[in-house]
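Note sheet for the following structure.
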Amino acid sequence: MPFHPEEIDASSDFYETAPLIARGRAEFPVPAERLWELVESFEWIPVISARWQNSEPNGPGARRKLTLGPFLLSNEFVTRYEKNKELAFYIGEVPVPGARAIAEKLTVDDLGPDRSALTYTFALAPKFFPDVQLHLINAIAQPIFSLIVKVGWTFGLWRTR
């Protein structure tokens, strides 16, 4: 049975004020357009399938379904799309309870010839503690999440070359 967290708009301050925020940033020796391909395709985690539910994977309202084999992981609803720059969405459907709201934002920065950076922000408000700020967990999560971004996207770039 799927659960339905709240909608979060891309312009919302949720990405800065959510109780749990994991923000990772990493630089890569590839053009921004190449890094963007992984953002859209979700090919940085090989065991998870990502399928756009509409013909154009862009624009507010577009939807992407993530699955692990036959199991639903989430349905993502796009709230901002700027090709080669930013993809923001909220998670509108998950298979487990406990989240009041979940949103993610991926931003690609062009750093010059054959250099780019990815900033990945994951924001979560638990259902039962929506106003509790988890500053210590957020501080610990940032370097770990940056490492995940670096390793995950490096693997994805290698795998899809």
Side-chain angles (χ1 to χ4, degrees), residues 4-69 71-94 99 101-125 138-161:
H4 302 278
E6 293 175 15
E7 294 181 17
I8 302 295
D9 186 70
S11 62
S12 166
D13 67 349
F14 186 74
Y15 292 98
E16 304 302 323
T17 63
L20 180 61
I21 300 169
R23 183 174 289 115
R25 180 176 170 84
E27 294 184 10
F28 301 91
V30 297
E33 297 80 16
R34 177 74 179 98
L35 191 57
W36 183 257
E37 291 172 9
L38 287 181
V39 170
E40 278 194 343
S41 69
F42 204 88
E43 291 185 17
W44 65 280
I45 302 179
V47 297
I48 296 177
S49 298
R51 287 190 336 268
W52 288 98
Q53 301 295 301
N54 45 324
S55 59
E56 292 292 321
N58 53 21
R63 192 174 103 181
R64 181 165 66 180
K65 182 177 185 177
L66 299 183
T67 56
L68 178 61
F71 303 105
L72 170 71
L73 293 178
S74 67
N75 273 313
E76 305 169 341
F77 294 85
V78 175
T79 54
R80 180 173 294 145
Y81 177 96
E82 187 177 345
K83 188 170 180 66
N84 295 326
K85 290 212 169 257
E86 184 176 87
L87 175 63
F89 53 88
Y90 68 90
I91 306 297
E93 191 174 75
V94 292
I102 309 169
E104 297 178 52
K105 186 182 291 187
L106 295 97
T107 305
V108 173
D109 296 312
D110 187 342
L111 302 177
D114 294 329
R115 298 261 341 132
S116 56
L118 174 68
T119 302
Y120 190 167
T121 304
F122 174 86
L124 170 73
N138 290 342
I140 293 168
Q142 187 155 339
I144 294 168
F145 205 57
S146 289
L147 181 61
I148 290 169
V149 168
K150 182 67 174 178
V151 170
W153 262 262
T154 297
F155 175 75
L157 288 166
W158 172 80
R159 201 178 126 221
T160 61
R161 52 181 169 145

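Values below: all heavy atoms of this structure, side chains included; hydrogens, waters and symmetry mates excluded. Just so it is clear, the structure is predicted and the values come from calculations on it, not from any experiment.
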For the atom pair [atom1] ([X]) and [atom2] ([Y]), what is the distance rounded to the nearest 0.5 Å?
X      : Y      : atom1 : atom2 : answer
Ser49  : Leu68  : OG    : CG    : 8.0 Å
Leu118 : Thr107 : CG    : OG1   : 7.5 Å
Ser116 : Leu35  : OG    : CG    : 4.0 Å
Leu72  : Lys65  : CG    : NZ    : 6.0 Å
Phe89  : Ile102 : CZ    : CD1   : 10.5 Å

Candidate pair Asn84 and Val108, rule side chain to side chain contact (heavy atoms under 4.5 Å, CB included), full reasoning: CA-CA 7 Å; Asn84 295 326; Val108 173; over 6 Å; no

Verdict with reasoning, Trp52 to Tyr81, per ring-ring contact (aromatic ring centres under 6.0 Å, His included): CA-CA 14 Å; Trp52 288 98; Tyr81 177 96; 7.5 Å; no

Using the test salt bridge (charged side-chain N to carboxylate O under 4.0 Å, His left out), find all partners of [X] that sit at least two apart in sequence or belong to another chain.
X     : answer
Arg63 : none
Glu33 : none
Glu86 : Arg80
Glu82 : none

Grab the two heavy atoms, one from [X] and one from [Y], that are nearest each other, plus how far apart they are.
X      : Y      : value
Ser146 : Ala26  : O-CB, 4.3 Å
Glu37  : Arg34  : OE1-NH1, 3.0 Å
Ala18  : Ala123 : CB-CB, 3.8 Å
Leu66  : Ala50  : CD2-CB, 3.3 Å

Non-hydrogen side-chain atoms of [X] and [Y] separated by less than 4.5 Å:
X      : Y      : answer
Pro5   : Val94  : yes
Asp114 : Val30  : no
Leu73  : Ile48  : yes
Leu106 : Phe122 : no
Arg23  : Lys105 : no
Phe77  : Ile91  : no
Pro60  : Thr79  : no

Tell me, please, which residues at least two apart from [X] pass side-chain contact (heavy atoms from CB on, under 4.5 Å).
X      : result
Thr154 : Phe28, Lys150
Glu7   : Tyr90
Ala141 : Ala22
Arg25  : Asp109, Leu111, Ala117, Thr119

Under the side-chain hydrogen bond (donor to acceptor under 3.5 Å, both in side chains) rule, collect the residues that match up with [X], sequence neighbours excluded.
X      : value
Arg64  : Glu76
Tyr15  : none
Arg159 : none
Glu93  : Asn75

Donor-acceptor pair, side chain of Thr17 and main chain of Asp13, under 3.5 angstrom: yes

Side chain to side chain contact (heavy atoms under 4.5 Å, CB included) evaluation trace for Val39 with Tyr120: CA-CA 10 Å; Val39 170; Tyr120 190 167; over 6 Å; no

